[in-house]
2 protein chains.
Amino acid sequence: MTELTRRQRQIFEFLRDNYERFAYPPTLDELCESLGMASRGSLHKHISALIDAGLIEPFSGSKQTGIRLTAQAQRDYAACEHALPYVGKIAAGKPIEALADVHYLPVPALLKSDKPCYVLQVKGDSMKEAGIFDGDWVVIEQRDYARNGEIVVALIDNHEATLKYIEQSPGKVLLIPANSAMTTQIYAPEQVQIQGILVGQMRSYRAH
Amino acid sequence: MTELTRRQRQIFEFLRDNYERFAYPPTLDELCESLGMASRGSLHKHISALIDAGLIEPFSGSKQTGIRLTAQAQRDYAACEHALPYVGKIAAGKPIEALADVHYLPVPALLKSDKPCYVLQVKGDSMKEAGIFDGDWVVIEQRDYARNGEIVVALIDNHEATLKYIEQSPGKVLLIPANSAMTTQIYAPEQVQIQGILVGQMRSYRAH
DNA sequence: TTTTTATGTTCTCTTTATGTTCTCATTTTA
DNA sequence: TAAAATGAGAACATAAAGAGAACATAAAAA
């Protein structure tokens, strides 16, 4: 993937920051107007470059219905550049509590992988025997599969998110807490969607 | 690699210190303005020298999209400025195992205090019930006193260094492990020299 | 269905931005 | 004083960006 030019970055950032403002996936003509450009053809060059870079995609196959950001384009893009996005808090049994405004946390290379990562703050004690405490920050590699024994962020029934050890066998998935007061949960594979793998952890001992 | 001139060093330091302020990799014209220069051609000479020295590079091949610091320069910078000295390993019951060559670890501001800090790697399980495991990195604020209940790096009898909870009362000092298999040690105050306080912690889950 | 319109794509051409290479003058340093 | 360093500015080459025409085809309308 070749590096973006300045204008391409500008346009991507415009899309990233203003995408919600469009009622429908914006067409080239609409984008031209928003960007103050007169030529669809010129814009198309930039859009193509962004598609090649994997940052945006046609809304539905090759049909003529506008463009949209690729899944997590914003996140990936940020990940290549500087710090990691801090996206919210994760507590066993609840959806990830997303922040209205994602901000970015510098994270030592030591604690990341070379894949896109993001940061969550842990709520609750479900992993305390693994040394992961309430309030700790965890660095999560974005990935949709796991090896047994890894600690994963899993979304259950499209609703609850949780941080647990995983054990997968044919027909069932075990999500195992590191807290003897809690019990292992057993699910059907289709109930569990892996959202990432724990690769790093940080704790601050200062009072807040 | 030839030596930098004074101006070249000045310009490099400016770049290093202000790189983040540029929304996009800066162009020669932008740099001219920032540096208060009138001539792109003059600046170009310095920039070329810095490229030859391996400190900066064109952002994207030879294309016209501005310049950036090389990865090496960024690392060096991080090492001098934002990073903490990694001085060695600490295991209960032994002196700190100092490294021959101290190197530097970038540490998020979140995990430090505003006082001088350094980094140790933990050996052993004496604090495992406090979620501090073998292999973790701990950020230590350099300080020679502690409040009761803080986790400290303590030097005992000028010989052993250890990471423990501290409880001080008139005439005695308790160093308390967070491991029910280990016992609290009681010392006379003059035996114990506090070397720092735990303020942050990091763990990597990647295999090494 | 057929026709029309909207949308994306491809192309050429022009303009602008950016980096590069000069010369020359001035300042700093040995 | 001589050499090196620095800076201004002109001239140039080329990458990047933009305008606009022409076309293909999906979507919508008749």
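Quantities reported herein were computed from a predicted structural model and do not represent experimental measurements. Numbers restart at 1 for each chain; the letters A, B, ... are given by sequence-line order, proteins then strands.
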Trainee: Find the distance B:E33:CD to C:dT18:P and express it as a whole number of Å.
Mentor: 12 Å
Trainee: Given B:V152, which of B:I197, B:L198, B:T162 fulfils the side chain to side chain contact (heavy atoms under 4.5 Å, CB included) condition?
Mentor: B:I197
Trainee: How would nucleotides 25-30 of chain C be written as a contact map, 5' to 3', with B for base contact, S for sugar-phosphate-only contact and - for no contact, using protein heavy atoms under 4.0 Å?
Mentor: ----S-
Trainee: Do you know which two heavy atoms are closest between B:L50 and B:Q8, and how far apart they sit?
Mentor: CD2-O, 3.7 Å
Trainee: Of all heavy-atom pairs between B:I166 and B:A146, which one has the smallest distance, and what is that distance?
Mentor: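 In this case the closest contact between B:I166 and B:A146 is CG2-CB, 4.0 Å.
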Trainee: Whole Å only: how far is the CD1 atom of B:I67 from the C1' atom of C:dT20?
Mentor: 16 Å
Trainee: Does either side chain, that of B:Q201 or that of A:Y205, offer a donor lying less than 3.5 Å from an acceptor on the other one?
Mentor: yes
Trainee: Whole angstrom is fine here: how far is it from CG in B:D29 over to P in D:dA10?
Mentor: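 So the two atoms are 14 Å apart, to the nearest Å.
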Trainee: If I take atom CZ in residue B:R9 and atom P in nucleotide D:dT6, what distance separates them, rounded to the nearest angstrom?
Mentor: 10 Å
Trainee: Separation of B:L31 atom CG from D:dG7 atom C1', in whole Å?
Mentor: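 Answer to the nearest Å: 16 Å.
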Trainee: Return the value, rounded to whole Å, for the distance between atom CD of A:Q10 and atom P of C:dA17.
Mentor: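 Going from CD in A:Q10 over to P in C:dA17 covers 12 Å.
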Trainee: For B:Q10, is the CD atom crowded, meaning more than 12 foreign heavy atoms sit under 6.0 Å from it?
Mentor: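 Yes, because the 6.0 Å sphere around CD of B:Q10 holds more than 12 heavy atoms from other groups.
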Trainee: Can you list, in residue-number order, the parts of residues 39-49 of chain A that come under 4.0 Å of DNA chain D, counting heavy atoms only?
Mentor: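 Heavy-atom contacts with DNA chain D come from A:S39, A:G41, A:S42, A:K45, A:H46.
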Trainee: Closer than 4.0 Å, any side-chain N/O of A:T5 to the OP1 or OP2 of D:dA17?
Mentor: yes
